[in-house]
Amino acid sequence: MGFLSELDVSQSREQLLKGCDVMERSLHALLAGNGRVADEVHAIRKLGKSLRGGFALFRLGKSSAKEIQTIGRLLSEPRDAVSRYNTWNKLAWDQEPEAQAAIGQLLEQQTHSAARRPPAETISWCITRVSQARKLLNDLSVEELPDRLAVGLRKLSKQLNKRCRALDTREEESFHDARKALKAYLGALAYLPEESTPQDPEMADLASLLGDENDLATLAEWLENHGFTEQFTPSLWKQLKSSRAELRKQALADAGKLLSPLE
């Protein structure tokens, strides 16, 4: 990371505080009901991931970031239902017509069922979480900000490097962990001056690959839980495993290119 002036550090905090304001307004809008629930929730959760990276940057990963994470988890069902359905359609499995219809129709039905807006009390609770996250950031003294920011970014970079290396194990959890570490690192960079923290465009590509792999993993878990196991839909699971293996192979190659710059 290049040198950051006091103004840079101050602006980073202001940008993060503004992000909290946007999150709060988005929650109010979700309650107001002006758009599609799934789209609104997607925007809130996407912003939440960025905010969590920003809070980790200021070493508030175990406090403010957790407050924001809770909101994402609480609102996960509408977006997860749409994501599963979209992943299913992209998979384009065209065998075993009876199972194909059963799965597709059930996934589509769940997207409709998940389109209900959260109760006002739930939205209020989420807004309280944002307020608490904002307060913890505001409570930091100006004097401690530069050190917190420098140490925070270094830790995020180290964590990302470690988890990219762990992809070599090809264990299920390693891909999930690498995706989270990359999201946190990219989220943190969004609150820093671009000239001080140049972003490798390949990071975004890797994040996309790991996201696609995670979508397939989530779909596989849903299929298992709903009885569409490998025993009953063997060709589907063959295609799932093949698609995931291809994504993992590319992710491993792309992660290897990032290791040196991150060290």
Side-chain angles (χ1 to χ4, degrees), residues 30 33 35-46 48-49 52 66 69-119 121-123 125-126 163 166-183 206-252:
L30 178 61
R36 292 183 66 246
V37 172
D39 292 342
E40 292 178 40
V41 169
H42 176 55
I44 290 171
R45 295 183 72 199
K46 184 176 180 180
K49 291 174 183 177
R52 285 161 56 190
K66 291 293 184 183
Q69 182 183 47
T70 299
I71 298 172
R73 288 177 173 174
L74 183 64
L75 302 179
S76 64
E77 187 52 37
R79 179 58 194 171
D80 286 351
V82 172
S83 180
R84 284 193 298 267
Y85 185 54
N86 290 340
T87 301
W88 166 254
N89 286 331
K90 284 193 293 184
L91 192 62
W93 179 57
D94 59 359
Q95 301 180 48
E96 303 177 41
E98 187 176 359
Q100 182 187 27
I103 295 168
Q105 290 300 312
L106 183 56
L107 284 167
E108 183 177 9
Q109 182 190 66
Q110 290 186 355
T111 65
H112 298 311
S113 300
R116 298 178 63 184
R117 296 183 182 277
E121 294 80 3
T122 302
I123 296 296
W125 191 83
C126 289
R163 292 186 174 178
L167 289 175
D168 286 335
T169 66
R170 291 176 171 78
E171 293 180 358
E172 186 84 14
E173 199 65 21
S174 66
F175 290 88
H176 181 57
D177 288 343
R179 182 180 63 86
K180 290 193 296 184
L182 185 53
K183 288 287 186 182
L206 178 57
S208 179
L209 275 173
L210 291 172
D212 289 344
E213 197 280 335
N214 185 69
D215 287 343
L216 288 175
T218 301
L219 176 61
E221 182 179 6
W222 182 93
L223 290 166
E224 186 79 33
N225 291 338
H226 287 76
F228 300 106
T229 62
E230 188 169 4
Q231 177 183 355
F232 296 108
T233 54
S235 64
L236 169 58
W237 281 86
K238 181 179 180 180
Q239 185 169 333
L240 270 173
K241 291 177 180 179
S242 175
S243 297
R244 291 185 70 187
E246 186 175 339
L247 287 170
R248 288 183 173 192
K249 181 179 179 181
Q250 186 60 53
L252 278 164

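Here the structure is a predicted model, which is why all the values come from computation and not from measurement.
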### Task
With rounding to the nearest 0.5 Å, note down the distance linking CD in E213 to CG in D215.
9.0 Å

### Query
Hey, is CD on E246 packed in by over 12 heavy atoms from elsewhere, all under 6.0 Å?
no

### Task
Would you check if H42 and V82 make a side-chain contact, meaning some heavy-atom pair closer than 4.5 Å?
no

### Query
Has K66 got more than 12 heavy atoms of other residues, nucleotides or ligands less than 6.0 Å from its NZ?
no

### Task
Considering non-hydrogen atoms only, spot the tightest contact between D94 and Q100 and give its length.
CA-NE2, 3.8 Å

### Query
Can you tell me if W237 uses its side chain to pair, donor with acceptor, with the backbone of F232 under 3.5 Å?
no

### Message
Does any part of the side chain of E40, heavy atoms only, come nearer than 4.5 Å to the side chain of R117, both counted from C-beta?
### Response
yes

### Query
Atom CZ of R248 and atom CZ of R170: how far apart are they, to the nearest 0.5 Å?
9.5 Å

### Message
Atom CD of residue position Q95 - does it have more than 12 heavy atoms of other residues, nucleotides or ligands inside 6.0 Å?
### Response
yes

### Query
Roughly how far, to the nearest 0.5 Å, is the CD atom of Q105 from the OH atom of Y85?
7.0 Å

### Task
Using atom types as modelled and distance alone, determine if a side-chain donor or acceptor of T87 lies under 3.5 Å from a backbone N or O of S83.
yes

### Message
Within the 4.5 Å heavy-atom criterion, are L210 and F175 side-chain neighbours or not?
### Response
yes

### Closest contact, heavy atoms only, A166 versus S174
O-CB, 3.6 Å

### Message
Using every non-hydrogen atom in the two residues, find where E96 and T233 come nearest and quote the distance to one decimal.
### Response
OE1-CA, 3.3 Å

### Query
Given V37 and R116, is the side-chain contact (heavy atoms from CB on, under 4.5 Å) satisfied, shown in steps?
CA-CA 7 Å; V37 172; R116 298 178 63 184; over 6 Å; no

## Note on the structure
dist K183:NZ -> K49:NZ (nearest 0.5 Å) comes out at 5.0 Å

#### Entry: Side chain proximity check, Q110 to W222, heavy atoms < 4.5 angstrom
yes

### Evaluation steps, salt bridge (Lys or Arg N to Asp or Glu O under 4.0 Å), between E173 and R163
CA-CA 10 Å; E173 199 65 21; R163 292 186 174 178; over 6 Å; no

#### Entry: Minimum-distance pair of heavy atoms, taken over all atoms of T111 and A81
CG2-O, 3.5 Å

### Task
Over all heavy atoms of both residues, which pair between L252 and L167 is shortest? Give the atoms and the distance, please.
CD2-O, 3.2 Å

### Message
Donor-acceptor pair, distance only, cut-off 3.5 Å: does the side chain of S242 make one with the backbone of Q239?
### Response
no

### Task
Would you mind reporting whether L223 and L219 have side-chain heavy atoms less than 4.5 Å apart?
yes

### Message
Contact between L91 and L236 at the side-chain level, heavy atoms closer than 4.5 Å - yes or no?
### Response
yes

### Query
Between W88 and W93, what is the ring plane arrangement, given parallel below 30°, perpendicular above 60°, and tilted in between?
perpendicular

#### Entry: I44 side, atom CD1; C126 side, atom SG - distance, nearest 0.5 Å
8.0 Å

#### Entry: Q109 and L106, any side-chain heavy atoms less than 4.5 Å apart
yes

### Task
Please tell me if the side chains of N89 and L107 come closer than 4.5 Å, counting only heavy atoms from C-beta onward.
no

### Summary
Nearest heavy-atom approach of L206 to A251 is CD1-O, 3.6 Å

### Message
Does E172 form a salt bridge (Lys or Arg N to Asp or Glu O under 4.0 Å) with R179? I'd like the steps, not just the answer.
### Response
CA-CA 12 Å; E172 186 84 14; R179 182 180 63 86; over 6 Å; no

### Task
Decide yes or no on side-chain contact (heavy atoms from CB on, under 4.5 Å) for I103 and H226, but give the supporting numbers first.
CA-CA 9 Å; I103 295 168; H226 287 76; over 6 Å; no

### Query
Could you give the distance from CZ (R84) to CG (L216), rounded to the nearest 0.5 Å?
13.5 Å

